[in-house]
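Quick notes on the structure that follows.
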2 protein chains.
Amino acid sequence: MGKGEQTRQVILDEAFSLASCIGVGALSIGVLAERTHMSKSGLFAHFGSKEELQLAVLRESQARFGEAVVRPALREPRGLPRLRAMLANWLDWTRAVNLPGGCVINAAAAEFDDQPGPLRDEVRKALIALRDTLGEAVARAVAEGHLRSDTDIEQLVFEITGIYQATQQSRRMLNDPDAGRRASAAFERLVRDYAVPTEKE
Amino acid sequence: MGKGEQTRQVILDEAFSLASCIGVGALSIGVLAERTHMSKSGLFAHFGSKEELQLAVLRESQARFGEAVVRPALREPRGLPRLRAMLANWLDWTRAVNLPGGCVINAAAAEFDDQPGPLRDEVRKALIALRDTLGEAVARAVAEGHLRSDTDIEQLVFEITGIYQATQQSRRMLNDPDAGRRASAAFERLVRDYAVPTEKE
DNA sequence: GACTTTAACGAACGATCGTTCTATAAAGCG
DNA sequence: CGCTTTATAGAACGATCGTTCGTTAAAGTC
């Protein structure tokens, strides 16, 4: 890795955790330059524009999400165990990746949902990719016979994303120590409702 | 209402819908002055600081939420019907109140969850008030015999907030036309699980 | 209608914003 | 080593930021 790539990564690291706290939209080149002990222009040259830097942060976030949430879950047996692992990783990934503020993309989703442009498009792409991944895991759980064959996959994914967001808000804004437990309870209720009916009763 | 209060309300109206699109944090006095055809200093004088303006927007949002979501629901019979009405109003209130972007407070919750200060405190207050209101409605549903007596009220509230957020994200970012239907399905599943068991079977 | 209070303006402040340009230092390569 | 490419710094740009001040016009009061 050349010198350029190297410092670019240093910048991105800092931008990533800063964006986690103040939001991608509030990132500023001046502040970022100060934090990385660089000149504004030197830092700027690595991206060419502020928007490109913001896009890089969003892409970085997706990459780390894949590493911290999806990939480890693939080691679990396919079907429900894997889905469960994915959700568990997801709920805690901001801790694992040392993100001081919440998930960058999730915050960006609320920030840019009414501002058309490349940033919104990138966030949208990330959300869709996540839903696809979750949907795939659910489909596997159906195929493995862990969930009913008439399971509405998108409905399940919809509800899981709801659980995630409720958990984050409870934790981050309301300091609710029970958030994790509530998330589990919600998910187990979900699984119970969609589980294949037992032969008894 | 004196002249002062009057223009203050005009400013607040504009700030409210602008904040809905770009976020409370991105509000700018210059832009707001332009939109209301006022001078920066003239507008500024009504609030004394930008933060005070932002707080006023958050309070305005709470007031409108009460008018559009909570109050109409109080006309429904207490218990499950009222809770159902509340959720229905909630899911659509940004349309009813003519909010171009999503709910101001919900967006602010994601924006300020890591930035201590009066703004975060105000958002927190609003979220807690909402959860209290929802909790009260659920408790009534239990008292009326619509839901099981051992219902975990906070758990139910938790899950309802999840449904709301999933719905907003699906609608606003993913343009999912089925979001409303999915929200209903999730809520009905919730109610079914917590309903008093029928005497049969 | 005279007087007091309040609302609004216009100009200016220092700070920061993203960006551009030119120059210098470092890195990569033969 | 010498040479080319790349990375970084520094200064400056116009724009916008939130805020302050002094002044004028309007609203409210008796």
Side-chain angles (χ1 to χ4, degrees), chain A residues 1-19 21-60 104 108 111-112 115-120 122, chain B residues 1-16 18-19 21-60 104 108 111-112 115-122:
Chain A
M1 181 165 61
K3 185 83 197 323
E5 283 297 319
Q6 194 177 317
T7 61
R8 193 190 139 103
Q9 196 56 49
V10 170
I11 298 168
L12 230 41
D13 280 1
E14 189 61 38
F16 182 57
S17 73
L18 181 57
C21 288
I22 67 173
V24 181
L27 280 177
S28 121
I29 295 190
V31 171
L32 220 39
E34 199 175 326
R35 292 210 183 198
T36 53
H37 309 292
M38 289 184 66
S39 66
K40 282 205 303 176
S41 54
L43 188 148
F44 183 86
H46 282 273
F47 301 93
S49 76
K50 181 187 174 180
E51 192 174 62
E52 209 58 51
L53 185 153
Q54 293 172 310
L55 282 172
V57 168
L58 290 177
R59 295 197 194 99
E60 176 77 10
V104 173
E111 191 175 359
F112 295 119
Q115 300 173 256
L119 293 176
R120 196 194 115 109
E122 188 67 30
Chain B
M1 180 166 60
K3 186 82 197 331
E5 283 296 321
Q6 193 177 316
T7 60
R8 192 190 139 103
Q9 195 57 49
V10 170
I11 298 169
L12 229 42
D13 280 1
E14 189 62 39
F16 182 56
L18 180 57
C21 289
I22 67 173
V24 182
L27 280 177
S28 121
I29 294 189
V31 171
L32 220 39
E34 198 175 327
R35 292 211 182 198
T36 52
H37 310 291
M38 289 184 65
S39 66
K40 282 206 302 175
S41 53
L43 188 148
F44 182 86
H46 283 273
F47 301 93
S49 76
K50 180 186 174 180
E51 192 174 62
E52 209 56 52
L53 185 153
Q54 293 171 310
L55 283 172
V57 168
L58 291 177
R59 295 197 194 99
E60 176 77 11
V104 173
E111 191 174 359
F112 295 120
Q115 299 173 258
L119 293 176
R120 196 194 115 108
D121 294 344
E122 189 67 31

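None of the values given here were measured: they were computed from a predicted structure. Just so it is clear: chains get the letters A, B, ... in the order the sequence lines come, proteins before strands, and each one is counted from 1.
- Residue-to-nucleotide contacts include a donor-acceptor pair under 3.5 Å from the side chain of B:Lys40 to the base of D:dG18.
- A heavy-atom distance below 4.5 Å is not found between the side chains of A:Phe47 and A:Gln54.
- With rounding to whole Å, B:Lys3 atom NZ is found 8 Å from C:dA8 atom C1'.
- Distances shown here put every side-chain N or O of B:Thr7 at or beyond 4.0 Å from the OP1 or OP2 atom of C:dA7.
- Taking only side-chain nitrogens and oxygens, B:Ser39 never comes nearer than 4.0 Å to OP1 or OP2 of C:dA8.
- Nearest nucleotide to the side chain of B:Met38, out of C:dC9, D:dG18, C:dG18: C:dC9.
- No donor-acceptor pair under 3.5 Å is formed between the side chain of A:Glu60 and the backbone N or O of A:Phe16.
- Residue B:Ile29 is the one, among B:Gly2 and B:Ile29, whose nearest nucleotide of DNA chain D lies closer to the 5' end (criterion: closest heavy atom).
- In terms of polar N and O atoms assigned as donor or acceptor, the side chain of A:Ser41 comes within less than 3.5 Å of the base of D:dA9 in a complementary pairing.
- In this structure, CG of A:Leu32 is placed 14 Å from C1' of C:dC17, rounded to the nearest angstrom.
- Nucleic acid contact for B:Ala45: none, since no nucleic acid atom lies under 4.0 Å from a heavy atom of the residue.
- Between A:Phe44 atom CZ and C:dT19 atom P there is a gap of 4 Å when expressed in whole angstrom units.
- Rounded to whole Å, the distance from CD on B:Gln6 to C1' on D:dA27 is 11 Å.
- Across the protein-nucleic acid pair, B:Phe47 atom CZ and C:dA8 atom C1' stand 14 Å apart, rounded to whole Å.
- In this structure, A:Glu34 places its CD atom where only 12 or fewer heavy-atom neighbours from other residues, nucleotides or ligands lie under 6.0 Å away.
- Straight-line distance from the CD atom of B:Glu51 to the C1' atom of D:dG18: 12 Å, rounded to whole Å.
- Between B:His46 and C:dA8 there is a side-chain polar atom (N or O) within less than 4.0 angstrom of OP1 or OP2.
- Counting heavy atoms from C-beta on, the side chains of A:Ile11 and A:Met38 come closer than 4.5 Å.
- One can place CD of A:Glu52 at 15 Å from C1' of C:dT19, the figure rounded to the nearest angstrom.
- Rounded to an integer number of Å, the gap from A:Arg8 CZ to D:dT6 C1' is 15 Å.
- The heavy-atom pair separating A:Ala15 from A:Leu27 by the smallest distance is O-CD2, 3.8 Å.
- Take the nearest nucleotide of DNA chain D for A:Leu43 and for B:Val31: the residue whose nucleotide is more 5' is A:Leu43.
- Among the heavy atoms of the strands lying under 4.0 Å from A:Leu27 are primed sugar atoms or P, OP1, OP2 only; no base atom is included.
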